[in-house]
Amino acid sequence: MTQAFDFAPLLPADLPPAAVRFTGLPKYNFTGGNNDAAEVPVDDLIAAATASLKREGRNLATYNVAHGPQGYRPLREFLVTKLKRDAGIACGVDEITVLSGSTQALDLVNGALLTRGDTVICERDNYQSSLTRFARRGVTAIGIPLDGDGMRMDALEAALKDCKARGVRPKMIYTIPTVQNPTATIMPEARRLEMIRLSEQYGVPIFEDDCYSDLIWDGKRPPALYALARSGNVIHCGSFSKSIAPALRVGFLVAPWSIMSRMLPLKTDAGSGSVEQMMLAEYCAPHFAAHLPVLRKALRKKVETLMEALNEQFGTAAEFEDPKGGIFLWVKLPDNVDSMKLYQAALKEGVAINPGPEWSTDKQHATPRLRLCFASPTHEQIREGVAILAEVCRREFGVPTRSANIQKARA
Ligand SMILES: Cc1ncc(COP(=O)(O)O)c(C=O)c1O
């Protein structure tokens with residue numbers, strides 16, 4: 001047998017660590033931003049895909065179906081209407097670029113603004129992928145603590161002041177103001193205006209990551225930072241991953257042309273998939289607004305099951321806020337619980353959780369915390385998974401001492 005070719009000596013030193021081979025999803029999966037399978041509007045998507053392909057399928061012969069690098073125009077037209085109605089954003093189709101998920105927005109914004117040694121400011125508890133992206137670029141992320149209304153403006157102001165005193169101009173304030181990941185907080189309008197004021201005062205632009213904003217239970221969201229800003233200092237991104245389905249891989253950027261024109265050349269995939277964009281445009285115009293309340297209701301039921309299961313199995317050992325929307329719960333366990341160890345032990349029993357330290361700039365603060373996504377497991381899986389998690393937690397850390405109202409001996 002010939003020996004396998006050795007690529008190792010050829011790999012650049014700064015290549016990310018090797019991928020782990022996919023071996024299937026865990027039985028009880030409380031990780032990732034997956035959606036509720038029962039709520040994917042499959043029949044309407046089939047009809048939309050069929051209608052759009054019948055009408056325009058031959059245009060697939062041309063990159064971007066001849067609509068240019070910013071994406072399929074009818075989808076951007078839908079977004080213009082939707083962003084105006086829901087987020088208060090007044091923009092034209094040229095301010096929008098359709099992307100391969102909002103993940104691509106993170107790469108384009110980071111690519112345009114960041115270089116090794118730079119500083120960014122962001123919420124302390126944060127989207128893991130954003131934090132790893134900053135780290136991989138050699139960028140320092142200053143984490144700002146949150147309260148029930150999201151990023152704290154007194155702490156933001158102090159950080160901006162401190163940076164200025166040190167001669168550092170942060171490249172951006174990266175924020176998830178509407179159903180923050182992982183805390184699920186929603187920043188009220190007054191605080192948004194304060195953030196914009198500070199952004200202008202210190203000359204630091206804002207990158208607003210808004211991918212959960214369609215998932216607020218009562219459908220009422222504050223205006224987007226992009227809508228409130230007057231000086232073009234905000235870049236906004238959104239996604240169809242959380243409102244329709246993440247496997248579509250369709251997200252979007254909204255930005256003034258001055259910076260959009262610097263990000264577009266970094267989109268080097270020769271365009272995002274046009275079939276998904278055509279299908280979405282066809283589906284969304286008649287159906288999107290009616291789909292959302294149905295999805296929100298299903299998600300609300302799931303989080304109620306999760307909160308009930310946590311209360312039953314962990315009692316007062318699990319602390320969390322009843323979220324106003326979204327797909328995850330940020331849970332605090334007693335201080336002696338190390339969620340990294342809990343994660344390893346639970347995974348062996350088929351329960352996957354997101355351990356806090358991977359979701360925060362402050363590892364110590366996040367050690368007893370974990371993020372639980374409730375959208376994709378069924379109600380039964382939520383109940384069973386939480387019961388197993390409590391059992392593992394008790395075995396490893398001696399808490400909770402009481403489960404399902406049954407006193408357990410300390411391990
Ligand atoms: C805050 C935040 N931003 C961006 C993304 C990326 O989502 P997608 O690329 O599927 O649009 C996610 C996904 O979970 C997220 O939580």
Side-chain angles (χ1 to χ4, degrees), residues 25 29-36 40 71 75 79 82-83 87 96-111 120-134 136 141 143-144 146 150-151 172-187 206-216 221 224-226 234-255 263 267 269 272-273 276-277 280 284 295 299 323 325-330 352-354 356 358-361 370-376:
L25 292 171
N29 188 12
F30 295 99
T31 68
N34 300 309
N35 222 318
D36 188 340
V40 178
L75 184 58
L79 285 169
K82 177 206 176 327
L83 289 168
I96 299 176
T97 297
V98 182
L99 305 173
S100 305
S102 54
T103 293
Q104 194 170 41
L106 305 177
D107 288 333
L108 298 194
V109 175
N110 291 350
V120 298
I121 297 184
C122 59
E123 282 110 9
R124 174 176 62 179
D125 304 321
N126 215 310
Y127 176 41
Q128 179 192 24
S129 252
S130 293
L131 295 180
T132 51
R133 277 178 161 73
F134 294 144
R136 272 201 45 214
I144 306 294
L146 301 104
M151 191 191 289
M172 63 168 146
I173 302 164
Y174 168 70
T175 181
I176 312 165
T178 321
V179 192
Q180 204 264 347
N181 187 355
T183 61
T185 49
I186 299 173
M187 190 184 290
I206 297 170
F207 176 22
E208 171 177 47
D209 185 345
D210 223 27
C211 67
Y212 296 100
S213 57
D214 290 319
L215 302 185
I216 300 176
R221 55 152 303 161
L225 288 155
Y226 196 90
V234 179
I235 300 171
H236 175 100
C237 78
S239 179
F240 287 96
S241 289
K242 314 301 167 181
S243 53
I244 306 284
L248 286 170
R249 308 309 306 132
V250 182
F252 55 90
L253 253 178
V254 188
M263 294 191 283
K267 183 165 167 36
D269 55 5
S272 298
E276 298 88 321
Q277 296 182 54
L280 272 178
C284 285
L295 173 63
L299 294 175
I327 55 171
F328 35 69
L329 211 56
W330 183 232
I353 59 166
N354 287 127
E358 293 180 353
W359 296 76
S360 186
T361 59
L370 49 110
R371 193 189 78 145
L372 296 175
C373 283
F374 51 79
S376 93

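What you see is a predicted model, and the numbers here were worked out from it, not measured in a lab. In listed order, ligands and their atoms are each counted from 1.
- In terms of protein heavy-atom proximity, atom 7 (O) of ligand 1 is closest to Ser102 OG, 3.3 Å.
- Residues Arg249 and Glu276 fail the side-chain proximity criterion, which asks for heavy atoms closer than 4.5 Å.
- The Ser239 neighbourhood of ligand 1 comprises atoms 8 (P), 11 (O), with distances under 4.0 Å to a heavy atom of that residue.
- In this structure, Lys242 contributes its side chain and Gly33 its backbone to a donor-acceptor pair below 3.5 Å.
- With ring centers used as reference points, Phe328 lies under 6.0 Å from Tyr212.
- With hydrogens and angles ignored, the 3.5 Å screen pairs a side-chain donor or acceptor of Glu123 with a backbone N or O of Ile176.
- Every atom of ligand 1 with a heavy atom of Ser241 under 4.0 Å away is listed here by number and element: 8 (P), 10 (O), 11 (O).
- Here's the thing with Ser100: none of its N/O atoms is less than 3.5 angstrom from an N/O atom of ligand 1.
- Given atom 16 (O) of ligand 1, the protein heavy atom at minimum distance is Tyr212 OH, 2.6 Å.
- Checked against Met151 for a side chain to side chain contact (heavy atoms under 4.5 Å, CB included), the options Thr175, Thr185, Thr183 give a single hit: Thr175.
- Those atoms of ligand 1 that come under 4.0 Å of a heavy atom in Ile176, given as number and element, are 1 (C).
- Residue Gly101 has at least one heavy-atom neighbour below 4.0 Å for each of these atoms of ligand 1: 9 (O), 11 (O).
- Side-chain contact between Ile235 and Phe207 is present, with at least one heavy-atom pair separated by less than 4.5 Å.
- Residues Thr103 and Ser129 are not in side-chain contact: their nearest non-hydrogen atoms beyond the backbone lie 4.5 Å or more apart.
- The protein heavy atom nearest to atom 1 (C) of ligand 1 is Asp209 OD2, 3.4 Å.
- Taking the six-membered ring where tryptophan is involved, the planes of Tyr226 and His236 are perpendicular, since the angle between them exceeds 60° and thus also 30°.
- Remark: distances from the non-hydrogen atoms of Arg249 to ligand 1 include one below 4.0 Å.
- Atom 14 (O) of ligand 1 has as its closest protein heavy atom Lys242 NZ, 2.9 Å.
- Backbone and side-chain nitrogen or oxygen atoms of Tyr174 are examined, and none is located within less than 3.5 angstrom of a nitrogen or oxygen of ligand 1.
- With sequence neighbours excluded, the residues satisfying salt bridge (charged side-chain N to carboxylate O under 4.0 Å, His left out) with Arg124 are Asp362.
- Residue Cys211 places a heavy atom less than 4.0 Å from ligand 1.
- Among all protein heavy atoms, the one lying closest to atom 9 (O) of ligand 1 is Thr103 OG1, 2.6 Å.
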